[in-house]
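Notes to accompany the following structure.
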Amino acid sequence: MSARVIDGRAAADKLLQSLAERVQELDPHLVVVQVGDDHASASYIAQKVKSAKAIGMRSTHKHLSATTTEKELLNVIDALNADDDVTGFIVQLPLPEHLSGIARSVIERIDPRKDVDGFTAINLGKMFQGTDTELLPPATPAGIIALLEYEELDFVGLHAVVIGRSNTVGKPLATMLLNRSATVTVCHSRTLDLPSLTRQADLLVAAVGIPQFVTADMVKPGAIVVDVGIHKSEGGLCGDVDFASVSQIATAITPVPGGVGPMTVAGLLRNCVRAKEIQLSLSKQAKSR
Ligand code: GUN
């Protein structure tokens, strides 16, 4: 059997097109802060800027030098928080080595109303409470959920196994799946007898950050497999899933590239539109007091 390849680009285009009209009405402005010259970050940011442009959204790439100090970065964040022309912004991760230890405090400095990455404790906490308060959820998990909804997957009762426990993907995705009544198992690189768990998955999500980690023997025949990884390999890009063997076993699988990546960008831009809506409704409330 050969799995159906899930087209993340088509799903992302559909989501982006659904945003275009609201973008025209609301004129949101996204700012992406990059510190230093991480190669992969540069290409992710280029995608974000390109997709924003495609739907008429203003975006600014604010590129700071690799020697930016903690104080300078926090000052930039404070200025973006205070700038009424900025709807939402993100600080692209990873930060350079000398700032990597303060990533959490950098994120917490972002005004939650402008946190379009959905990484602040406030937005993660709201996501934790349930679907009705998932206002600005992290872009990658939100993109994965939207991709599976595009595939018309019914989450209720299915066994989802997430490999990976990061704050940006694994943990929030597990929460969003639980919010949709999936039964969720979270595993990671230290899990004992991982294949015995992954083989139970109706939906298997690989976000472990290890190239081609998931092999066919770890997958239940007929499973849906979502690959969040992206790595450079000799033959080009590859994911956390060994696509060649797993696509013989799964019923549907996301490719790398062209799977989760475009949906992450779409999730971010959707958050930017939502951030503008939230800000407008808050300012209306304040005026009516
Ligand atoms: N680096 C890789 N993915 C992401 C993301 O979704 N947001 C940020 N800020 N940095 C990233």
Side-chain angles (χ1 to χ4, degrees), residues 1 3-6 8 118-119 121 123-134 137-231 238-243 245-256 259-261 263-264 267:
M1 184 179 69
R4 191 164 45 79
V5 178
I6 297 174
F119 287 172
N123 286 324
L124 289 172
K126 284 188 175 157
M127 181 202 63
F128 204 78
Q129 289 172 324
T131 48
D132 53 339
T133 50
E134 276 174 8
T140 300
I144 293 169
I145 295 286
L147 181 59
L148 295 170
E149 284 170 351
Y150 172 83
E151 287 288 308
E152 299 183 351
L153 181 66
D154 181 5
F155 296 101
V156 178
L158 65 72
H159 188 184
V161 176
V162 178
I163 318 173
R165 53 175 158 174
S166 69
N167 287 332
T168 51
V169 184
K171 283 193 235 172
L173 178 62
T175 305
M176 292 180 82
L177 289 165
L178 269 179
N179 285 348
R180 287 158 181 79
S181 301
T183 300
V184 182
T185 301
V186 183
C187 326
H188 45 83
S189 57
R190 310 285 294 272
T191 298
L192 299 178
D193 196 9
L194 185 73
S196 73
L197 294 168
T198 58
R199 275 198 297 267
Q200 295 176 31
D202 305 309
L203 169 65
L204 180 61
V205 182
V208 67
I210 303 171
Q212 300 179 322
F213 179 81
V214 175
T215 45
D217 57 306
M218 296 166 72
V219 178
K220 176 162 98 175
I224 296 167
V225 178
V226 173
D227 191 347
V228 186
I230 185 154
H231 313 275
C238 72
D240 288 355
V241 176
D242 177 27
F243 186 90
S245 71
V246 172
S247 60
Q248 298 304 309
I249 295 275
T251 192
I253 184 168
T254 64
V256 177
V260 170
M263 290 306 290
T264 294

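- The closest side-chain heavy-atom distance from T251 to I224 is below 4.5 Å.
- For the pair D240/H231, a side-chain contact is recorded, criterion being any heavy-atom separation below 4.5 Å from C-beta on.
- Counting all heavy atoms, side chain and backbone alike, P141 lies closest to M176 at CB-SD, 3.7 Å.
- T133 contributes a side-chain N or O that, together with a main-chain N or O of K126, makes up a donor-acceptor pair within less than 3.5 Å.
- In this structure, K220 places its NZ atom where more than 12 heavy-atom neighbours from other residues, nucleotides or ligands lie under 6.0 Å away.
- When all heavy atoms of L124 and G118 are compared, the pair lying nearest together is CD2-O, 3.5 Å.
- Put simply, CG on L194 and CZ on F213 are 5.0 Å apart, with the number rounded to the nearest 0.5 Å.
- Proximity of V219 to L204: side-chain heavy atoms (C-beta onward) are separated by under 4.5 Å at one or more points.
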Please table the atom pairs, donor to acceptor, closer than 3.5 Å between any side-chain atom in residues 160-171 and protein atoms at least two apart or in another chain.
| unit_1 | atom_1 | unit_2 | atom_2 | d |
| --- | --- | --- | --- | --- |
| S166 | OG | T168 | OG1 | 3.3 |
| S166 | OG | V169 | N | 2.9 |
| S166 | OG | G170 | N | 3.3 |
| N167 | OD1 | K171 | NZ | 2.8 |

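- Summarising the geometry, atom OG1 belonging to T254 is positioned 8.0 Å from atom CZ belonging to F243; distances are rounded to the nearest 0.5 Å.
- From Q248, atom CD reaches atom CD1 of I253 across 9.5 Å, with rounding to the nearest 0.5 Å.
- Looking at every heavy atom in both residues, M263 comes nearest to G8 through SD-O, 3.8 Å.
- Across L147 and G259, no two heavy atoms sit closer than the pair CD2-O, 4.3 Å.
- T215 and V246 get closest at one heavy-atom pair: C-CG2, 3.7 Å.
- Across every non-hydrogen atom of I6 and E151, the tightest pair is CG2-OE2, 3.6 Å.
- Rounding to the nearest 0.5 angstrom, the gap separating the CG atom in L148 from the CZ atom in R180 is 10.0 Å.
- At least one donor-acceptor pair closer than 3.5 Å links the side chain of Q200 to the backbone N or O of S196.
- A distance of 9.0 Å separates CG in L153 from CD1 in I145, rounded to the nearest 0.5 Å.
- Side-chain contact between P138 and M127 is present, with at least one heavy-atom pair separated by less than 4.5 Å.
- Under a 3.5 Å cut-off, the side chain of D227 and the backbone N or O of V241 do form a donor-acceptor pair.
- Within the 4.5 Å cutoff, no side-chain heavy atoms of T264 are placed close to those of I144.
- Within the model, atoms CG of L173 and OG1 of T140 stand 9.5 Å from one another, a figure rounded to the nearest 0.5 Å.
- In terms of modelled atom types and a separation under 3.5 Å, the side chain of R199 and the main chain of D217 share a donor-acceptor contact.
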